[in-house]
Amino acid sequence: MKPKRLAALGVFVLILAAGFWAAFTFVENEKLLDLVVAVAGTLLVAPLLWAGRILAENIRSTGDEASELLAKAAEALAKDASALYRKRQGNRRLDPTERPVPVRWAWAHHEGVGLPEAVVGPGAGVGTPSFAVLPDAEAASPDTLNEGELDDLFHVYAGIQTGRMVVLGELGAGKSAAAVLLAVKALAHREDIREPANREQAPVPVLLTPYGWNPERQTAQEWLAERLVSDFKSFRGRRFDPRTPARLIDEGRIAVFLDGFDEIDTRKRVAALEALHGLSRQVRVVIFSRSEEFIQALHAQPLSGAAVLELQPVAAETAADCFADWQTAGLPPRLRERLAEHLWAHPDGVLGQALSTPLMLTLLRDAFRGMDAAEATEVVDKLLSPSEFTSAEEINDYLLDRVLPAAYPPSRPGAPTPYTRDQAERWLRLIAARMTAHGTPELAWWQMHEWASASWRIAGGVVGGGLAAGLAAALVSWFTDDLGERTVIGFLPASAVGGVLGLATAIVTERRATHVNFPGGSGETRFNLGMGLMAGLAVGSAVALTVGPASGPAAAATVGLAAALTAGTATGRAAGGDGVPPPHFTTDPNAKPAERFLGRLIAGIQAGLGAGIPAGLAGGIPLGLAQGLQRGLGVGLAIGFAYVLAFGLLDGFTRITPDQDSPVGPLSVWDQDRRHGPGNGGCLRPRHGVRRRAHRCPRHRPP
């Protein structure tokens, strides 16, 4: 904790203590004394919760030396990343045994992109950060940046000292597959470094997509730290301090591989590139993007010292070699030979042009799944007919039309399909229409519930909140034996308060609860304004209605205001922080519903306590002083427990995002799509020592 904050907290506590002493010494009016005690006790909650949280973090971070802790965190991250990316490599069929398509790259000759000499030549890197060449790697030279194969991407990444690298390519060129292969190669190289001191000099590559990042509201460092926690299980437990991800970034112990820069909203790409430019002063940054989108952003925000490479089209001869070699399901050898011979004989034809990307080549390969010989022959005849297709775009459209029939074949006895082709087409049309209307190439499926009318969701929140609060008030009255005496909040007033709370909850959910920073603060002082306002409104109104019948309107207004300020401050502060790491079973797809429910409550327990403790104290202390300890304790515990449960679950459900909670979150869907999809597009293979015409798939012809 910083000395100034510690001093301010100490002064605040001393003032409250002096207030307690003065009240008990000089105040003789019993009701006034009760009011002072209730307000002071409520106001004491927020600083105590804050001090306890900071103290726990400081104690937890003093167990190891900082450098040793970061080294352990980097090793744990490398282990998690290696397992994840090797799995993606297998799902994309990028293992050499799968014989994927070899792809080459060359220096990108676009306007605004310099020459290789500007990156690695004499005097290169002026005004850019300087990173050491990775251990056991060789420095890059202008010749090594001119052209190469996928394996050579690692030599560029490891050998340039500017730490900035860009891989461009058109749709389906294999950028994502290249990113996976580069990440796997970098991790394998790091693992092979035996000397621990040298291994620490090799950063851990972290492959991310830009979803969830608004560069106009969140710095690249903050977003990256959040993604480290959400994507890698090592940072979701209590093994490491919550500030460890940020420290790994600050010390350059990771490297960022950003796949899908072109998927960032057009209006925010320049801001994103500017943020990545700043981030690359601390860590190595590798960007994968479509060419046009990146070059447009580059004109407005230069990325000095970056090695800009571009994936090249697949040569027709290469496509022919691969087709002759592949054991394509549903395609007899004679038909494969016909396709290969046509490509060898007509390398500049429309079919060769259409198959110039790994995506289209694998779409053709997988389009024959489930076909019999007659159907396959008909498709091949159509593709090879000079009069059938007059352009590569027509062949691409035809192959794309074959995706659904291959993915959703008719049900067979003993092998029913979960969905019909008609259902898939109808749903995909709806999704496409929505994505077109929003002008986005990315499907954020975890936000699809927002496609329904917001007014109905808000109305549901009001009704649900009213019923829940009314029933809770009835239970409190029943347990405290006061249902008919009106000394606590009744069913109807509680329903009104609950309706207001439901309205606030629905509005905050729709607006996604903006985080703000205190002036002069840092990432550790973020405040969730939406949760703070909601907690203050809910707790203040509930306490006022609880205290009012027993202590009068003046006491109700005073205590309610104090409770609202305390609960709003404590809840907003807790919801804006890192939170308690959820238990491992929270993100386990096989966990029981009760376990996943409990995990969410644990993840949001700080926000729950921030709202529940002030609510319980402010509601229980006045009743206890006025009507006895038993009554005050019963009401306080009941109200406090209800608010801990409500706000704990609300914050917990907000914290646990689909990618780390759902068994079909974005990461697992990404993997499954490439495991089962008919055109996975992951068809790249690194090869050594072969040049243009010779870089073919091995010609192991079937007998």
Side-chain angles (χ1 to χ4, degrees), residues 100-106 108-110 150 167-178 262 288-295 310-326 328 330-331 335-369 371 375-407 428 432 436 441 674 677-685 692-693 695-697:
V101 182
V103 172
R104 296 183 61 81
W105 56 265
H109 296 285
H110 290 280
L150 290 185
V167 179
L168 303 178
E170 300 307 319
L171 176 65
K175 300 179 295 296
S176 295
D262 50 278
F288 297 84
S289 173
R290 295 188 194 179
S291 303
E292 182 179 354
E293 287 81 352
F294 178 80
I295 296 301
E310 191 165 26
L311 299 179
Q312 300 300 294
V314 178
E317 298 93 333
T318 301
D321 289 344
C322 292
F323 239 100
D325 179 66
W326 277 334
T328 306
L331 188 62
L335 295 179
R336 288 192 283 112
E337 289 292 337
R338 283 185 61 192
L339 285 170
E341 289 174 0
H342 178 86
L343 291 170
W344 285 322
H346 305 88
D348 298 325
V350 292
L351 183 60
Q353 297 173 26
L355 301 181
S356 61
T357 65
L359 174 62
M360 286 301 158
L361 190 54
T362 49
L363 279 180
L364 177 58
R365 178 194 64 188
D366 296 327
F368 296 98
R369 287 181 178 177
M371 289 187 184
E375 291 175 317
T377 301
E378 182 181 353
V379 171
V380 171
D381 289 341
K382 192 171 185 178
L383 289 171
L384 301 184
S385 173
S387 60
E388 191 68 38
F389 300 105
T390 59
S391 67
E393 290 73 16
E394 293 179 2
I395 294 181
N396 291 342
D397 291 341
Y398 176 74
L399 294 178
L400 289 171
D401 288 340
R402 298 295 311 168
V403 170
L404 283 180
L428 289 173
T436 301
R674 282 147 184 81
N680 57 42
C683 47
L684 309 184
R685 174 176 56 182
R692 196 75 173 164
R693 175 63 178 85
H695 68 278
R696 300 176 177 178
C697 297

Inset, instruction - Report yes if the side chains of Arg338 and Asp381 come closer than 4.5 Å at any heavy-atom pair, otherwise no. - result: yes

Legend entry - Heavy-atom closest pair, residues Pro358 and Gly172: CD-O, 3.1 Å

Inset, instruction - For the pair Asp262 (side chain) and Arg290 (backbone), establish whether a donor and an acceptor sit closer than 3.5 Å, ignoring hydrogens and angles. - result: yes

Legend entry - Heavy-atom closest contact (Phe288 atom, Ala178 atom, distance): CE2-C, 4.2 Å

Legend entry - Close side-chain approach of Leu355 to Val314, heavy-atom, < 4.5 Å: no

Inset, instruction - For the residue pair Lys382 and Tyr398, establish whether any side-chain heavy-atom pair is separated by less than 4.5 Å. - result: yes

Inset, instruction - Grab the two heavy atoms, one from Leu343 and one from Ala316, that are nearest each other, plus how far apart they are. - result: CB-O, 3.9 Å

Inset, instruction - Would you check if Glu170 and Glu310 make a side-chain contact, meaning some heavy-atom pair closer than 4.5 Å? - result: yes

Legend entry - Gap separating the CG atom of Leu364 from the CD1 atom of Ile395, nearest 0.5 angstrom: 9.0 Å

Legend entry - Chi angles and distances behind the side-chain contact (heavy atoms from CB on, under 4.5 Å) call for Met360, Leu400: CA-CA 8 Å; Met360 286 301 158; Leu400 289 171; 4.2 Å; yes

Inset, instruction - Indicate yes or no: at least one non-hydrogen side-chain atom of Phe368 is less than 4.5 angstrom from one of Arg402. - result: no

Legend entry - Val403 side chain near Leu363 side chain, heavy-atom distance below 4.5 Å: yes

Legend entry - Leu351 side chain reached by Leu339 side chain, heavy atoms, under 4.5 Å: yes

Inset, instruction - Please say whether more than 12 non-hydrogen atoms of neighbouring residues, nucleotides or ligands are located less than 6.0 Å from CD in Glu378. - result: no

Inset, instruction - Working to the nearest 0.5 Å, report the span between CG of Leu171 and CG of Asn396. - result: 9.0 Å

Legend entry - Inter-residue atom distance Arg104.CZ - Leu150.CG, 0.5 Å rounding: 9.5 Å

Legend entry - Flag side-chain contact, heavy atom, 4.5 Å: Ile295 against Leu168: yes

Inset, instruction - Taking all heavy atoms of Val167 and all of Lys175, pick out the closest pair and write down the distance. - result: O-CD, 4.4 Å

Legend entry - Separation of Gln353 CD from His346 NE2 (nearest 0.5 Å): 12.5 Å

